[in-house]
Amino acid sequence: MNAPELSIVLPCYNESGNIPLLIKLLQETVEPLKLSYEIIVTDDCSKDNSWELLKDMTAKDSRIRAQRFGKNCGLSAALWAGIQSARGKIIVTMDSDLQNDPRELPKLLAPLDKYDCVCGSRVASRSKGDNFVRVASSRIANWVRNKLSDEDVSDAACSYRAFKRECVTNLKFFKGMHRFMATLVKMEGFSVVEVDISTNPRHAGKANYGVWNRVFIAFHDLLAVRWMKKRMFPIRVVERIN
Ligand code: UDP
Ligand code: MG
């Protein structure tokens, strides 16, 4: 199979109640765009029947590809493994629980004619899909993140993004990196824009990340990214002889 134009990357941990509907909606959205595509699902060692379901779906449609971790590695790792196996010129990442709306995909693709990376922002809609504590903690986390890393990203942890594949060629994987994608991509010299997206309540299954199981780790990562951002700079050789 030739490399498709678009790769859609889905991280999946116990999402058997969501994956079939998500993939159906994605296919209904992408088909009118007349883009060749693949959908890559990374099963992060689910305990439900996600993998059996994926085996069945991949057998029926070769545009659906699946891979499975031998142990649970977390969202960043599942996203990264999907990105690594993506073959498209454009890569889209999103959650698999239908909190991100697959029908909004064209909205994320549109700015790619002017920008290298488009990041979804749930700031305007978040109160519809999440409870008060999660909305408030996300606001605070984004404020601290922006303050310490000299950024202006309104919703750094949103995984709904579309980007040109070269944006991620030189990135290094670390656990939790999905929260810093916009900053890391900018550090590579690429242009990044945010677009407002909707947030829905989880369709099925239960949330894996609460407020407290991410805040301290994320803060530790933030200090590393802050350091990196201060110390890294693009080297431009202006003349070369011999
Ligand atoms: N996820 C994953 N591995 C994990 C936990 C979550 O791949 O160990 C996936 C999950 O299936 C979903 C996405 O990461 O597609 C976001 O997870 P979740 O909805 O639980 O996070 P929240 O929306 O609560 O922040
Ligand atoms: Mg979710």
Side-chain angles (χ1 to χ4, degrees), residues 7-26 39-54 57 64-86 91-102 104-105 108 119-123 125-142 145 153-161 173-181 197-218 221:
S7 298
I8 301 169
V9 166
L10 306 173
C12 164
Y13 183 61
N14 300 338
E15 303 287 11
S16 62
N18 298 315
I19 285 283
L21 177 60
L22 172 61
I23 291 185
K24 177 178 170 284
L25 291 173
L26 276 171
I39 297 174
I40 303 169
V41 190
T42 302
D43 180 356
D44 190 9
C45 202
S46 293
K47 294 188 178 75
D48 69 356
N49 64 336
S50 293
W51 184 243
E52 283 64 40
L53 202 76
L54 286 166
M57 294 179 85
I64 305 172
R65 302 169 59 209
Q67 55 189 359
R68 184 169 74 92
F69 287 154
K71 66 171 188 159
N72 179 251
C73 298
L75 167 58
S76 277
L79 281 175
W80 189 243
I83 290 171
Q84 292 301 296
S85 70
I91 300 175
V92 168
T93 59
M94 67 194 294
D95 288 349
S96 301
D97 56 0
L98 287 151
Q99 285 205 271
N100 301 144
D101 189 340
E104 286 186 324
L105 200 136
L108 279 105
C119 299
S121 169
R122 300 161 295 181
V123 168
S125 64
R126 193 138 193 196
S127 52
K128 295 197 192 91
D130 273 320
N131 65 34
F132 173 77
V133 178
R134 284 174 71 105
V135 175
S137 63
S138 149
R139 290 259 163 96
I140 295 166
N142 277 293
R145 210 176 279 137
V153 181
S154 72
D155 187 9
C158 177
S159 2
Y160 207 177
R161 302 186 181 99
F173 169 74
F174 62 91
K175 215 171 172 183
M177 72 178 288
H178 71 275
R179 296 191 192 91
F180 300 95
M181 276 286 280
I197 56 161
S198 61
T199 321
N200 302 302
R202 207 175 219 288
H203 175 70
K206 62 175 183 10
N208 295 282
Y209 297 102
V211 174
W212 295 108
N213 64 355
R214 54 185 158 189
V215 73
F216 295 109
I217 301 169
D221 293 341

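The figures that follow rest on heavy atoms only: side chains count, while hydrogens, waters and symmetry mates do not. When a ligand or atom number is given, it counts from 1 through the structure's own listing order.
The shortest non-hydrogen separation linking Ala66 to Leu54 is CB-CB, 4.1 Å. Residues Pro20 and Met57 share a closest heavy-atom pair of CA-CE, 3.9 Å.
Contacts with ligand 1 closer than 4.0 Å are made by side-chain heavy atoms of Asn72 only, the backbone lying farther away. Residue contacts with ligand 1, taken as heavy atom pairs separated by less than 4.0 Å, involve Asp44 solely via side-chain atoms from C-beta onward. Contacts between Ser96 and ligand 1 below 4.0 angstrom, taking non-hydrogen atoms only, involve backbone and side chain alike.
The CG atom of Asp97 sits 11.5 Å away from atom CG of Leu21, with the distance rounded to the nearest 0.5 Å. Atoms CG and NE2, on Leu79 and His178 in that order, are 7.0 Å from each other to the nearest 0.5 Å. Between Asp155 atom CG and Tyr160 atom OH the span is 14.0 Å, to the nearest 0.5 Å. Separation of atoms CD1 (Ile39) and CG (Leu22) is listed at 7.5 Å; rounding is to 0.5 Å.
Judged by distance alone, the side chains of Gln67 and Thr42 do bring a donor and an acceptor atom under 3.5 Å apart. Looking at Ser16 and Asp48, their side chains do bring a donor and an acceptor atom within 3.5 Å of each other. Side chains of Ser159 and Thr93: no donor on one and acceptor on the other come within 3.5 Å.
The nearest N/O/S atom of Asp97 to the Mg ion (ligand 2) is OD2.
Metal site remark for the Mg ion (ligand 2): Gln99 contributes an N, O or S atom at a distance under 2.8 Å.
Remark: ligand 1 and Asp95 share no N or O pair separated by less than 3.5 Å (distance only, no angle test). For ligand 1, the polar-atom distance check against Pro11 finds a nitrogen or oxygen pair separated by under 3.5 Å. Residue Lys206 places no N or O, backbone or side chain, under 3.5 Å from any N or O of ligand 1.
Atom numbering of ligand 1 starts at 1 in the shown order; those under 4.0 Å from a heavy atom of Glu15 are 10 (C), 11 (O), 12 (C), 15 (O). Within ligand 1, counting atoms from 1 as listed, the ones closer than 4.0 Å to a heavy atom of Gly74 are 3 (N), 4 (C), 8 (O). In the vicinity of Gln99, heavy-atom distances shorter than 4.0 Å reach the ligand 1 atoms 23 (O). For ligand 1, the atoms closer than 4.0 angstrom to any heavy atom of Ala78 are 7 (O).
The shortest heavy-atom distance from Arg202 to ligand 1 is under 4.0 Å.
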